[in-house]
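Below is one structure, written out as structure tokens; comments come after it.
These values consider heavy atoms only, across backbone and side chains, with no hydrogens, waters or symmetry-generated copies. Owing to the predicted nature of the structure, the values given are computational and were not obtained by experimental measurement. So that the names make sense, note that chain A is the first sequence line, chain B the second, and so on, each numbered from 1.
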Amino acid sequence: MLNVGSHCAIGGLNIDFLINIVLLGFLVCTALAIVFTKNLLASAMLTGIYSLLTAGFFVVMDAVDVAFTEASVGAGIATILMLSTLKLTGFDEDPARHNVKAGLLAVCGVGVLLLYGIVDMPVFGSPTAPVHMHVAPHYIYQSMAEIGMPNIVTSVLASYRGYDTFGETVVVFTAGIGVLALLGASNHVPQSRVAPMSQHIILRVVSKVLIPPIFLFALYVQFHGDYGPGGGFQAGVIFAAAIILYSMIFGLDTARSVISQPLIRLLSAFGVMLYGCVGIVSLLNGHNFLDYSALAHDPLHGQHYGILLVELGVGITVASVMILIFFNFASRVDMVQEEQ
Amino acid sequence: MLNHLPILQVILPLLAAPTCLLLKEARLAWAFTTACCMATLAISVMLLLQVIDSGVIVYSLGGWQAPIGIEYRIDSLNAFVMVLVSGLSSAVILAARESVAKEVGADKQVLFYIAYLLCFAGLLGICATGDAFNVFVFLEISSLSAYTLIALGSDRRALWAAYQYLIMGTIGATFILIGIGMIYMMTGTLNMHDLAERLPEAAHTKTVFTAFTFIIIGTCLKLALFPLHLWLPNAYAYSPSIVSAFMAATATKVAVYVLIRFVFSVFGVDFSIDHMPLQQILLVLSLIGIVWVSIVAIYQTNLKKLLAYSSVAQIGYIILGFSVGTVLGLQASLIHLFNHALMKGALFLAIAGVVYRIGGCEFSQLSGIGKKMPWTMAAVVVGGLSLIGVPLTTGFVSKWYLVSALIEAGWWPAVAVVMLGSLLAVIYVWKVVEVAYFGSPEDGYEGAYEVKEAPLSILIPTWMLAASNIYFGIDTRFTSTIGHLASQTLFGAGS
């Protein structure tokens, strides 16, 4: 959301400008390819590429935290979940049962409206744009004194607008509950019949080497979010990615014996509770909800504790919900195969 | 603790939801959810009293003053809507235990209550907040949990209905987000109060026009205004009966609240009504909607679906009052918002009782049901009379205010359409009465003779709502005073 000092010189042909044009060109091509591809596997992979390109675009715009999230969620987990869904549905698109013309008309209408809205937007990267004149300067100049975090994005995300982030964590939790309610609740978990990929020696060795550093990296992203790009959302997804990789290579049953399902469910609730309880402690100390200054004698220390705990809550919920969703999707594959 | 009421109202159900996951038994989860809804109702009533007593309450989250941080801003409008939401949710959850036990699989009931709490908390969060982006976050919570609740219906078509709603709802939410992003771009703030001050400067730009269009279309999708209502009938018809009652009584009402909030408190009366053709567009759509959808309702053979179409028509009345663009018109809208929640709450709960006993609500199954379940069907009749707008019911009060507003504005053709809508309502309500009281049980299915009255746990909440339909039809002080106060504040703040 924050775009602090943009390098992009307006009008002049510098390298940033070129990169922007190329990235956006790729984005358009990928989007068109997704529309015209009949094979759903290819579409799913293309959406992953689309997300990766978007992430690159965000990096150029100096929004590294957003780029990080987009890369790990959009290009990573979302693609895996789509692929595991396709495993159930098959890779072929149902020949047009839907009304193409009406859809096209609606999409064109929205497109025209969006283009119309662009006309009066402030010039890209303009320092006098309203977004840079009102609230943002406060974040940029005051956050060090008020919160004491070098990463302004974390300050905004976890403290100034911490309540939004609490809401987003609940959204993730809600998604987990939804998947559990629709796919998971049954206690009967069949023996996994999807052959694990452990007979592929290269995959097995490479993943054995990769998984521990991925965990370590997740922890780094989790706890270094105050200083560099990162935070609970990204860390949670990376952590879950390591476990998903493990279960893909060594089989679901092995993964299930390592990670207890009821525990994962409890953890997904625990993260939300942790976040909420930080807010409740502020309340009990006589401050407003989520006012971290109430957590320690020195308000700055309080902010640090608060943000650390809150980010941990986010990380725990995100990681456990992602694992939960993947496991439920995967065991659905087994159940369907068992029925056949 | 009294000054923390605005936030307690929302985080109580929000934190109750993950706590509920620890409960293993459905009965416990139900008791816990009910207790939580009741406590929230108490809080929202206290808040409403506080607001009437001492004016707007502002609560800065995280201790950061808006617009740096997020604030909750409670005025008479959202305090009123929150009392409505928590009141109806409490009444519906009271009836839920046996109905859910019958309609939702045993291993999914705890998850059902969690989703119910999340949806409830999301709706309250949308109402309480004074921050435009925060609206979107809580909209996501309430929508995701609503899709889950609908998909839990025992009918297989529930999944398809939930999927349709998911697609339409997501488009709506995305439109709202695009709009919010654009007004943020033009003003640099997300706080509604701050936006209202800074938007007039940019009011002439094409970007703000686009933002306005996106937000209006997005909310109209959410509140199911004709012709964007196509997701609603299936969603109401195939979801568990308790969910139909809950959604009909609360979700669309909160979407209407969002529309009112953005039009009056964010964009302002001057911009929305004087500069934009909003009034004319909404007027035409609501009038066509009232007539067309009421006619469609007449042809339904499933009671739930009939009432779902009738809901879309009733939303037409709410939007009609809104489109008049006067204090009286808005007051009529708010009164009908409240009254329609009472009607549909009572009707859908009564249907929950019917479905509990006979397993469905196709007209072919309902033949002669009036003699077998007299109390339940009497509640349906009360609700139906209220829908038509018979004197001494809430529906009459709504129509009275609406017609006065239309006459005040000199919109005589619209008055005629409202009358026509009432006539159409007479037809579809009569269809139900005819089947229930004049059909003989032999025409129904085999077990029709053994059908008993609905269990008391469903019947009592149903009659609480049915009785309030009559009470608020006679004693109109509460609705008209609050409605007047809220609409006056909105017009006062806008000009």
Answer yes or no: does atom CD of Gln142(A) have more than 12 heavy-atom neighbours from other residues, nucleotides or ligands under 6.0 Å?
yes
Pick one of side chain, backbone, both or neither for Ser145(B), based on which atoms fall under 4.5 Å of a heavy atom in chain A.
both
For the residue pair Leu21(B) and Phe173(A), establish whether any side-chain heavy-atom pair is separated by less than 4.5 Å.
yes
At a 4.5 Å cut-off on heavy atoms, which part of Val10(B) comes close to chain A: side chain, backbone, both, or neither?
side chain
Could you measure the distance from the CD1 atom of Ile177(A) to the CG atom of Leu149(B)? Nearest 0.5 Å is fine.
11.0 Å
Pick one of side chain, backbone, both or neither for Phe166(A), based on which atoms fall under 4.5 Å of a heavy atom in chain B.
side chain
Any side-chain heavy atom of Asn288(A) sitting closer than 4.5 Å to one from Ile7(B)?
no
Which bit of Met182(B) comes within less than 4.5 Å of chain A, counting heavy atoms only: side chain, backbone, both or neither?
side chain
Nearest heavy-atom contact between Thr213(B) and Leu113(A) is CG2-CD2, 3.8 Å
Chain B contact via Thr174(A) - side chain, backbone, both or neither, heavy atoms under 4.5 Å
both
Let me know if Ile141(B) has heavy atoms under 4.5 Å from chain A in its side chain, its backbone, both or neither.
both
For a 4.5 angstrom cut-off between non-hydrogen side-chain atoms, does Val137(B) reach Asp164(A)?
yes
Between Ala181(A) and Thr148(B) the two heavy atoms that sit nearest each other are CB-CG2, 3.8 Å
CD1 of Ile118(A) to OG1 of Thr207(B), rounded to nearest 0.5 Å, is 8.5 Å
Can you find a heavy atom in the side chain of Leu22(B) that is under 4.5 Å from one in the side chain of Leu266(A)?
yes
Using non-hydrogen atoms and a 4.5 Å limit, figure out which bit of Ile147(A) sits close to chain B: side chain, backbone, both or neither.
side chain
Whether the side chain of Tyr59(B) engages the backbone of Phe289(A) through a donor-acceptor N/O pair (distance < 3.5 Å, no angle test) should be reported.
yes
Can you say whether Ser142(B) sits under 4.5 Å from chain A via the side chain, the backbone, both, or neither, judging by heavy atoms?
neither
Heavy atoms from other residues, nucleotides or ligands near OH of Tyr116(A) exceed 12 (cutoff 6.0 Å):
yes
Would you say Trp64(B) and Asp291(A) make side-chain contact, with heavy atoms under 4.5 Å?
no
Side-chain heavy atoms of Phe209(B) within contact of Asp120(A), under 4.5 Å:
no
Minimum-distance pair of heavy atoms, taken over all atoms of Met186(B) and Pro122(A):
SD-CD, 3.8 Å
Heavy-atom neighbours of His301(A) NE2 exceed 12 at 6.0 Å
no
Part of Tyr147(B) lying under 4.5 Å from any heavy atom of chain A:
neither
Go through the steps for Leu283(A) and Leu8(B) under the test side chain to side chain contact (heavy atoms under 4.5 Å, CB included), then give the verdict.
CA-CA 10 Å; Leu283(A) 272 190; Leu8(B) 281 177; 4.0 Å; yes
Met185(B) atom CE, over 12 foreign heavy atoms within 6.0 Å
no
Shortest non-hydrogen separation from Leu182(A) to Ala151(B) and the atoms involved:
CD2-CB, 3.6 Å
Is the count of non-hydrogen atoms from other residues, nucleotides or ligands lying under 6.0 Å from Phe32(B) atom CZ greater than 12?
yes
Toward chain B, the part of Ser293(A) with a non-hydrogen atom under 4.5 Å
neither
Does the plane of the ring in Tyr163(A) sit parallel, tilted or perpendicular to the ring in Tyr72(B)? Use 30° and 60° as the thresholds.
perpendicular
Per-residue contact mode, Ile178(B) against chain A (heavy atom under 4.5 angstrom):
side chain
What distance do Leu14(B) atom CG and Thr169(A) atom OG1 have between them, rounded to the nearest 0.5 Å?
10.0 Å
Okay, Asn191(B) and chain A: the region with an atom under 4.5 Å from a heavy atom over there is neither
If you define the side chain from C-beta out and look only at heavy atoms, does anything of Ile280(A) sit under 4.5 Å from Ile11(B)?
yes
Determine whether Val110(A) and Phe214(B) make a side-chain contact, defined as any pair of heavy atoms from C-beta on separated by less than 4.5 Å.
yes
Give, as side chain, backbone, both or neither, the part of Met133(A) having an atom under 4.5 angstrom from any heavy atom of chain B.
neither
In Å and rounded to the nearest 0.5 Å, what is the CD1 to OG distance from Ile68(B) to Ser159(A)?
11.5 Å
